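Notes follow the structure.
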Amino acid sequence: MTKHLITSALPYVNGLPHLGHLVGCLLPSDVYARYLRQKGEQVLLVCGTDDHGTSSEVGAIKEGINVRDYCKKYHDRQAALYEGFNLSFDYFGQTSSEQNKEIVYRIFHDLEKNGLIEERTTNQVYSIDEDRYLPDSYVIGTCPHCGYDKAKGDQCENCTKLLDPTDLINPRSSISGSTNIEIRPTKHLFLQLPKMQKELENWIETKRGIWPDIAYTTAKKWLKEGLKERGITRDLKWGFAVPRNGFENKVFYVWFDAPIGYIGITKQWADMDKDNRNWEDWWLNAPDVRHTEFMGKDNIPFHSITFPATLRGSREAWTEVSFLKGFNYLNFAGGKFSKSAQRGIFLDAALEEFPADYWRYWLMANAPESDDSSFSFELFASVINKDLNDVLGNFINRVLKMTFNNFGEQVPPMGDLTEDETALYETVDELVASYTSYLDGLEFRKAMAALRELFVAGNNYIAKTEPWKAAKTDKARAGTILNTALNLIYLYANLSAPIMPQTAEKMLDVLNKPANFVWPNEKAESFLKTLKAGDKINPSDPLFSKITPERQEELRAKYKETE
RNA sequence: CGCGGGGUAGAGCAGUCCGGUAGCUUGCCAGGCUCAUAACCUGGAGGUCGUGAGGUUCAAAUCCCACCCCCGCAACCA
């Protein structure tokens, strides 16, 4: 049986994750994992923080704590947020773990052995007072083109021209402000991607028409331009030391050890229960594993070119990505989310405003699959109010109220079926089939449209059969209708579970069922008879509440939504 | 001429690969229903599919060409 390995791009440890991160990789990976688990598939979902790099090192200095503690602190903070969103990671690890180090070294040595690592000398800005090399973007100065005085050494934010740190007028360190800097030659290791160009081209070609356009075209673009050798070491202290003579003060570049982190994190997970778990079952000589990766478009080149090249270059049978689900960006009110500009909604704030499931539903229904999309409170409110509140929430409420008023707190008996039920079964079968196949194909927007149609089908059925009238004239008929409608709620709970796990549990709770979700593999005709006459049902408050225009105004002001 | 993605009713999107009288959701208008959270159900109006009285074709949103506009990327922000 196929085993499903699912990974979400690893968020940078000291970043403040926002809705864009959630929709671009974290949430869809969870939805997909929940869906497959519910179908009875074997699933391993891993994620974690990407710990290494200059910004962690600098962040720790600013807070006056050591880098390892700093990373742990922010790792734990992020883990708590993701738990708040009910992301069901089997393990949320760290790329700075001992386990990852072991695997990074193993792969590095294989690459060395296979002649894919070469030394090069490059020139790098060195800050004498700080006793450290500075990445290009940490050198700031006046732009020679536009005169902007805070231009970064790689690109001027003001005029967007690409720069070299030596172009800058009055260059200085953005960390300390020191102008006591110079250019020093430094030796680094480079991964020889050009040697693997042909092999990667052949491999990527097999993904044509299978991966989403954004993933395939991005990979093709890099190949078309011709792969260049790529530095995999840096002049930093925080990171895995480079095991080679003459590289004592250098570490591996984060982009080398971060994707390998998927493997390292799997080993962290396995080490928690060594008797029953084995990381190699998922990663090495494991042809039965299907690996699905989720990420934003900025990550695609690294997951479609660099990382596969790293694994292939080792000449060991590592598990490669089978399906790369790339997402475009979710913007905020026409602009980009920006921590520094305090614009946009970050995950801690999001959870304070609304339950996780509101966000989960909206984000999946509006996932930026084909183009960048943008978030506004108006759009958010219209979807929540309509789909969740009016269509689904109200359906549940009206069915429950009618049942309680006419039959008490139990499922009424099912009598003879009419063509109304037959028609409903047919519609449900069709929609469940398309919902399932969209989820299989990771086409989330389309899946969500099918789910919504299922909710509408329930209201349609009620409108057509008018149980409130039957209750007065033909009580048995009313019982049959409400029995069917209650079973529809049971169906909705199961189908919604990957998207809205908490709400789905509440729905099962109302039906007095344990939180044990199933996928409807059988036809509607039999699945919609799961709840039997006499089964207890529980009163419940409405599951959702509306977001009023006043509330929308407040939120717009609070989060500085401009458009 | 750097590269890629996008431009389809007020808004958000599908359709474009494999040409065949333009579709979905929301919003708006009208009607139905009155079990329910002023909700639900039905119908209607609204688009020269970025531009070119461009090319191919019996037929173009879809294929070809030119141009305009928006967004992203450009290998050390990971």
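We name chains A, B, ... by the order of the sequence lines, and we start the count at 1 in each one. The shown structure was predicted, so the numbers you read here are calculated from the model rather than taken from an experiment.
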Tell me if the aromatic rings of Tyr438(A) and Phe444(A) count as close, with their centers under 6.0 Å from one another. no
Can you tell me the distance, in whole Å, between the NE2 atom of His21(A) and the P atom of A78(B)? 12 Å
Between Glu57(A) and Lys237(A), is there a side-chain heavy-atom distance shorter than 4.5 Å? yes
Taking C33(B) as the reference, what is the distance to C69(B) when you measure between their C1' atoms (whole Å, please)? 48 Å
Nearest-nucleotide 5' precedence on RNA chain B, Thr122(A) against Asp371(A): Asp371(A)
Looking only at the side chain of Val254(A) (C-beta and beyond, no hydrogens), which of the listed nucleotides C33(B), A78(B), C41(B) gets closest? A78(B)
Could you work out the separation of C17(B) and G5(B) based on their P atoms and round it to a whole Å? 16 Å
Is the centre of the Phe395(A) ring less than 6.0 Å from the centre of the Phe455(A) ring? no
Once you apply a heavy-atom cut-off of 4.0 Å, does Asn389(A) come out as touching a base, just sugar-phosphate, or nothing? base
Searching all strands shown, indicate the nucleotide that pairs with C40(B) (Watson-Crick or G-U wobble; both distances under 3.5 Å). G32(B)
Check this one for me: any side-chain N or O of Lys401(A) less than 4.0 Å away from OP1 or OP2 of U37(B)? yes
Check the distance between A74(B)'s P and Lys228(A)'s NZ and give it to me in whole angstrom. 12 Å
Does Arg398(A) place a side-chain N or O at less than 4.0 Å from the phosphate oxygens OP1/OP2 of U34(B)? no
Counting any heavy atom closer than 4.0 Å, what does Gly53(A) reach on the DNA or RNA strands: base, sugar-phosphate only, or nothing? nothing
Answer yes or no: is there a donor N or O on one side and an acceptor on the other, between the side chain of Thr427(A) and the main chain of Ala423(A), under 3.5 Å? yes
Asn366(A) CG to G12(B) P, in whole Å, measures 11 Å
Base, sugar-phosphate, or nothing for Gln124(A), non-hydrogen atoms under 4.0 angstrom? base
From C33(B), A78(B), C76(B), pick the nucleotide closest to the side chain of Glu466(A)? C33(B)
Does OP1 or OP2 of G5(B) have a side-chain N or O of Ser370(A) closer than 4.0 Å? no
Does Leu10(A) reach a base, just sugar-phosphate, or nothing at all? Heavy atoms under 4.0 Å. base
Candidates C76(B), C33(B), C40(B) - which lies nearest the side chain of Trp468(A): C33(B)
With a non-hydrogen cut-off below 4.0 angstrom, is Lys469(A) in contact with a base, only sugar-phosphate, or nothing? sugar-phosphate
Under the 6.0 Å and 45° cation-pi test, does Arg234(A) pair with Tyr253(A)? yes
When we call it a touch if two heavy atoms are under 4.0 Å apart, what does Asp387(A) touch: a base, just sugar-phosphate, or nothing? nothing
Would you classify Asn459(A) as touching base, sugar-phosphate or nothing, given that sugar-phosphate means primed atoms plus P, OP1 and OP2, and contacts are heavy atoms under 4.0 Å? sugar-phosphate
Aromatic plane relationship, His18(A) with Phe346(A) - under 30° parallel, 30 to 60° tilted, over 60° perpendicular: perpendicular
Given the C1' atoms of U26(B) and A66(B), what is the spacing between them in whole Å? 37 Å
Gap between atoms NZ and C1', on Lys297(A) and C71(B) respectively (whole Å): 7 Å
Taking the six-membered ring for Trp, is the centroid-to-centroid distance between Tyr262(A) and His303(A) below 6.0 Å? yes
Can you see if the side chain of Arg230(A) gets near the phosphate of A75(B) - specifically, an N or O under 4.0 Å from OP1 or OP2? no
Between Asn331(A) and G72(B), does any side-chain N or O lie under 4.0 Å from OP1 or OP2? no
Is the ring pair Phe252(A)/Phe108(A) parallel, tilted or perpendicular, if the boundaries are 30 and 60 degrees? perpendicular
Taking any strand in view, what nucleotide pairs with G4(B) in a Watson-Crick or G-U wobble way, both distances under 3.5 Å? C71(B)
Sorted by chain and number, sequence neighbours left out, side chain to side chain contact (heavy atoms under 4.5 Å, CB included) with Glu453(A) holds for Leu431(A)
Heavy atoms under 4.0 Å, any strand shown: does Val456(A) hit a base, just sugar-phosphate, or nothing? sugar-phosphate
Of the listed U34(B), C40(B), G12(B), the closest approach to the Val391(A) side chain comes from C40(B)
Taking Glu118(A) as the fixed residue, which of Arg230(A), Lys187(A), Lys195(A) is the one that meets the salt bridge (Lys or Arg N to Asp or Glu O under 4.0 Å) rule? Lys195(A)
NA contact type, Gly226(A), heavy-atom cut-off 4.0 Å: base, sugar-phosphate, or nothing? base
Sugar-phosphate only, base, or nothing, as touched by Pro542(A) at under 4.0 Å among non-hydrogen atoms: base
Given U26(B), G5(B), C40(B), identify the nucleotide with an atom nearest to the side chain of Thr217(A). G5(B)
Go through C40(B), A78(B), C33(B) for me and flag the one nearest to the Asp50(A) side chain. A78(B)
Nearest to side-chain heavy atoms of Asn460(A), which nucleotide of C35(B), C41(B), G12(B): C41(B)
Using atom P of each nucleotide, how far apart are C77(B) and G50(B) to the nearest Å? 37 Å
Using the C1' atom in both, what is the distance from C65(B) to U56(B), to the nearest Å? 11 Å
Would a 4.5 Å heavy-atom cut-off, applied to side chains only, mark Phe354(A) and Arg551(A) as touching? yes
When you measure from the centre of the six-membered ring of Phe240(A), is the NZ or CZ of Lys250(A) closer than 6.0 Å and no more than 45° off the axis? no
Using a heavy-atom cut-off of under 4.0 Å over every strand shown, decide if Ser373(A) touches base, sugar-phosphate, or nothing. sugar-phosphate
Please state the C1' separation for the pair C41(B) and G46(B) - nearest whole angstrom. 22 Å
Gap between atoms CD1 and P, on Ile384(A) and U25(B) respectively (whole Å): 18 Å
For A11(B), give the paired nucleotide (Watson-Crick: N1-N3 plus N6-O4 or O6-N4; G-U: N1-O2 and O6-N3; both under 3.5 Å), or none. U25(B)
For Ser55(A), answer base if it contacts any base atom (sugar-phosphate contacts may also be present), sugar-phosphate if it contacts only those atoms, and nothing otherwise; contact means non-hydrogen atoms under 4.0 Å. sugar-phosphate
Using Watson-Crick geometry (N1-N3 plus N6-O4 or O6-N4) or G-U wobble (N1-O2, O6-N3), each under 3.5 Å, C18(B) is paired with none
Looking only at atom C1', what distance separates G52(B) and G7(B), rounded to whole Å? 16 Å
Can you tell me the pairing partner of C77(B) across any strand shown, Watson-Crick or G-U wobble, with both distances under 3.5 angstrom? none
Can you identify which nucleotide, out of C40(B), C73(B), U37(B), has its nearest atom closest to the Tyr329(A) side chain? C73(B)
Within residues 475-487 of chain A, residues whose heavy atoms come under 4.0 Å of RNA chain B: none
How far does the C1' atom of C18(B) sit from the matching atom of U62(B), given to the nearest Å? 10 Å
OP1 or OP2 of U42(B) under 4.0 Å from side-chain N/O of Lys464(A): no
Using only side-chain N and O atoms of Lys446(A), determine if any of them is under 4.0 Å from OP1 or OP2 of G15(B). yes
Measure from the side chain of Tyr253(A), starting at C-beta and using heavy atoms only, and say which of G72(B), A14(B), C77(B) lies closest. C77(B)
